[in-house]
Amino acid sequence: MEIMHRKIQRRTAAVLTLCTLGIVALGGRLAYIQFSAHDMQGHDLVASAVEQRREKFELDSGRGDILDRNGVSLTGSKINGIVVLPVWQQNLERSKINELALLLNTSTEHILAALQEKTEPFLLRLPDMSGNKRAVNLTPEQADSVRKLNLTGIYAKEVKVRYDDLSVARHTIGFLGEDPNLVANTWGGKYPLDEKIGKMGLEFQYQEELRGLGISRTIAYYSDNYDRPINGLGIRESTEQNPSLSVKTTLDHDIQSSVEQAMDRYGMNKGAVVVLDAETEDVLAMASRPNYDQTEPVDGDQYPVNRALKAYFPGSIFKSVIAQAALETGVVSPTDKFECPGYIDIGDGRLNCWTKHGTVTAEQAFAESCNVAFAQMAMKLGRTEIDTYAKKLGLGAAVGLKSGEQSQFYGEDPGSVFLKEGSSDRFLANTGIGQEDVRTTPLQAAHLMAVFANNGMAREPRLVESLHTPDGLLYKDFETAERKQVIDRQAAYQVKQWMSEVVSSPDGTAHILAKAQFPVAGKTGTAQTGDPNANHQWFAGFGPVDKPKYVVAVMAESATGTRATEQVALQIFNALPKP
C-alpha cells in the first residue's frame, strides 16, 4: 500500500513539473512576442495590431468594370458623394449642420438622422421626394461648398459606386461580399479573408480578372478600443494603381433597361426574360425577378436566383421539339388531321386539352396548341426519337458558351427531358406537351427559337465578348461559336412557318403579338405546377420572320390571373431597335 502511495506521489510531482514548465515556456513566448518579436511567419505583429484598429471607406475598389457591348459600365458610376467617418463627429457644430442641410436642400433632422445610422465609414444617403434613400450626388459647386464648411469627419469626395439604384442585369452581374470560406475553399486563401469578392454571376465567374492586384483608393482612420481616434494617426487617403481587367459583355444596356421596364410594368414579380441576337446568339438582355439590392443581397439565408438559368416545366414550348421530330421522321405531315373533343383517353386515364378544337390539321394544332394532337404525335414518335431531337435542339444540357473549362453563365441548370425509366403511352403523351420530366431554362428556350429562326442552324449563346486592360486595350477575345446544322433544314423551315401562324392567325395563341413593329413568330406555353391556381406561363419567339434579328423568351413562374407573358414580349419587341 505504501509503495503504491509513493508511486502516485511521484506521478503527481511529474505532472505538476510538466505543467509548470509548460506555463513558463508559454509565458516566455508571450514575453518574447510582446517585447522583442515584430515579425512572426512573415507578419509584422505591430503593424497587424495597428491595422485591426483601421477603419476605411473605399473611394474606388480598384476592381475592373463589367461593361455592355458598347462600353457602357454596368458596375460603376462616379459621383461627388459625401463620405462620413462617424468617429470624428462627436462635436459637430449645429450651425454648420444647418448650412449643410440648406446646401443639400433637405432638413437638419434628416442630416442628423443619417449621420447617426452607422458606426463605420459610409456614404451619406438622404430621402428623395418619394422617401427612398439615395446617395447624395453633389454638383462641383456643392462639393466646393461642403469642403469650405470644414466639417471634421464629413468629406466631399469623388466616389466610384459599383452598384446603385439604377443598376440593371443584377442577377447576371452578381454581387460582392465578404466570405472567408469562399476565399479559403475556392481561391485557396490567396486573398485577405475580409476582402469583398464576387459571390454570384459574372462577379464570381471572372473574380480573378476583375480583381487584379486588389489595390484600392481609400480614406481611413485609426481608432482605439473605445472607437476614439488615435492621436497622431489622423485621417489618411491612399491611392494606388491596379492593373485589373474589365469584362466586356454582349449585353446592350438600353435593351436590358427596356426588358426590365416591361417586366415591371406588367407586374412580372417572379420570372425571367432572355433576348438574343438571332444570328450570333449573343445575349442582348437577361433579366430575372424578383429583383434584389446588390449592396444588401441576402434576404435571411436566401440568395438571389437567376431564373433565366433555372429549369422549369416548359409546357407547350416543347411542342416545337415534337413538331420538328414528327415532320423530320415522317410521322406526320402538315395536312394530317386530328380530332380533338377536348380530351384524349389513354389507358385508364384522361389527358385534357385546354379547349375543344374539333378537327384540326397538324399546322392548326400547333398554332392553337392542341394537347390531343401533340400527345398522339409523341406516342407515335416514341421515347428514343423525342430524346434525340430534344438534345439536337439543346435541351437536357447546358447550352451556354464556355470560356476554357468555365461556363460564361453562372449556375446554368442543364434541365432534363427524361429522368424516369419507361415509355408508356401516358408517359410519352405527358412528355409531348412539356410535362412529366421535361425541364427547360429560359436561356434554352431562347436558344431553341434561335435554331428555328435560322432554319436548323445552331450556335452556343454567348454572354462575354472580351477582356480589356484599364486603358481599353484588348486582352482576350471570346469568339462566337461555330454555326452547325443540327436539324433538317426543310422541316425546320416548316416549323418556322407554323410558328408564324401562332401569331398571325386570329386563332393563334399569341395573336396579340401581331401588333409588334415587325412580323413575329413563336410559341406559347402553359405548364402545370401542382397548384391548380398557378401555372408557369411562357412565350418564346423571334422576328422579323423573313430575316430574324431578335429572339425573345419570356417566362412567368407560378403565375396567376391574366397572362402577361405576351404583353411583356410585345413591349420588348416594340422597344427593340429596328433591324
Side-chain angles (χ1 to χ4, degrees), residues 58 60-78 160-163 167-177 179 182-183 186-188 190-191 195-217 240-256 274-277 279-286 294 306 308-309 398-412 443 459-483:
E58 281 188 343
D60 185 342
S61 68
R63 193 175 177 89
D65 282 322
I66 298 174
L67 312 170
D68 88 337
R69 59 177 40 229
N70 300 309
V72 177
S73 177
L74 301 172
T75 54
S77 57
K78 289 184 177 180
K160 186 172 182 181
V161 180
R162 193 157 189 86
Y163 313 122
S167 294
V168 296
R170 299 182 187 184
H171 295 81
T172 306
I173 299 300
F175 61 91
L176 303 176
D179 193 328
L182 193 61
V183 170
T186 302
W187 307 112
K190 66 174 69 174
Y191 311 142
E195 180 176 321
K196 289 185 177 181
I197 58 171
K199 297 189 65 178
M200 176 182 166
L202 294 172
E203 293 280 27
F204 174 84
Q205 300 288 78
Y206 293 90
Q207 161 66 18
E208 295 271 65
E209 293 84 354
L210 289 165
R211 179 185 187 270
L213 296 178
I215 302 169
S216 60
R217 184 166 63 91
E240 296 185 62
Q241 294 298 315
N242 179 22
S244 59
L245 297 175
S246 291
V247 175
K248 187 176 183 181
T249 70
T250 60
L251 298 173
D252 184 298
H253 182 276
D254 291 343
I255 294 176
Q256 180 74 36
V274 175
V275 179
L276 299 181
D277 180 300
E279 198 277 327
T280 63
E281 292 202 49
D282 281 351
V283 178
L284 301 177
M286 180 181 286
Q294 288 167 294
N306 188 351
L309 302 175
V399 295
L401 183 69
K402 290 182 172 60
S403 301
E405 296 298 317
Q406 176 177 277
S407 171
Q408 293 187 343
F409 297 85
Y410 174 83
E412 182 188 356
L443 178 64
R459 296 187 193 268
E460 296 172 39
R462 183 177 68 155
L463 178 60
V464 177
E465 180 181 310
S466 53
L467 302 177
H468 293 262
T469 63
D471 53 4
L473 297 177
L474 178 65
Y475 178 82
K476 187 174 183 178
D477 190 29
F478 302 110
E479 295 183 357
T480 54
E482 179 185 353
R483 178 181 277 187

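Quantities reported herein were computed from a predicted structural model and do not represent experimental measurements. Here, residue 1 is the first one in the sequence, and each next residue gets the next number.
- Residues Trp187 and Glu208 form a side-chain contact, since some pair of their non-hydrogen atoms from C-beta on lies under 4.5 Å apart.
- The structure places OG1 of Thr249 at 10.0 Å from CD of Gln408, a figure rounded to the nearest 0.5 Å.
- Taking all atoms of both residues into account, the shortest heavy-atom contact from Leu210 to Arg162 is CD2-NH2, 4.4 Å.
- A distance of 10.0 Å separates CZ of Arg63 from CD of Glu209, quoted to the nearest 0.5 Å.
- The side-chain contact (heavy atoms from CB on, under 4.5 Å) with Leu74 is formed by just one residue from the set Leu67, Thr172, Val168; it is Val168.
- Put simply, CG on Asp68 and CG on Asp254 are 7.5 Å apart, with the number rounded to the nearest 0.5 Å.
- Considering only heavy atoms from C-beta on, Gln294 stays 4.5 Å or farther from Glu203 through its side chain.
- Closest of all the heavy-atom pairs between Met286 and Leu251 is N-CD2, 4.1 Å.
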Starting from the C-alpha separation in whole Å, work towards a yes-or-no answer on side chain to side chain contact (heavy atoms under 4.5 Å, CB included) for Leu474 and His468. CA-CA 5 Å; Leu474 178 65; His468 293 262; 3.8 Å; yes

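- Taking Arg459 as the reference, Glu279 meet the side-chain hydrogen bond (donor to acceptor under 3.5 Å, both in side chains) condition, with sequence neighbours excluded.
- Atom CZ of Phe204 and atom NZ of Lys199 lie 10.5 Å apart (nearest 0.5 Å).
- Among all heavy-atom pairs drawn from Arg69 and Leu284, the shortest one is NH2-CD2, 3.4 Å.
- One finds a salt bridge joining Glu195 and Arg211 here, because a Lys/Arg side-chain nitrogen approaches an Asp/Glu carboxylate oxygen to under 4.0 Å.
- Side-chain contact check for Ile173 versus Ser167: every heavy-atom pair is 4.5 Å or farther apart.
- For the residue pair Tyr163 and Thr75, the shortest heavy atom distance occurs at CE2-CG2, 4.4 Å.
- Distance check, rounded to the nearest 0.5 Å: CD of Glu460 to CD of Glu281 gives 8.5 Å.
- Interatomic distance, CG of Leu467 versus CG of Leu245, reported as 6.0 Å (0.5 Å rounding).
- Contact between Gly198 and Leu182 at its shortest, heavy atoms only, is O-CD2, 3.9 Å.
- Among the candidates Asn306, Val283, Val399, the single residue satisfying the side-chain contact (heavy atoms from CB on, under 4.5 Å) test with Phe409 is Val283.
- Under the 3.5 Å distance criterion, the side-chain polar atoms of Thr250 are left unmatched by any main-chain donor or acceptor of Val464.
- Residues Gly64 and Ser244 approach most closely at N-OG, 3.2 Å, considering heavy atoms.
- Ionic pairing of Lys160 and Asp65 is present here: one or more N-O contacts between side-chain nitrogen and carboxylate oxygen are shorter than 4.0 angstrom.
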Side chain to side chain contact (heavy atoms under 4.5 Å, CB included) evaluation trace for Thr186 with Asp179: CA-CA 10 Å; Thr186 302; Asp179 193 328; over 6 Å; no

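- Applying the 6.0 Å contact sphere to CD of Gln406 captures more than 12 heavy atoms from other residues, nucleotides or ligands.
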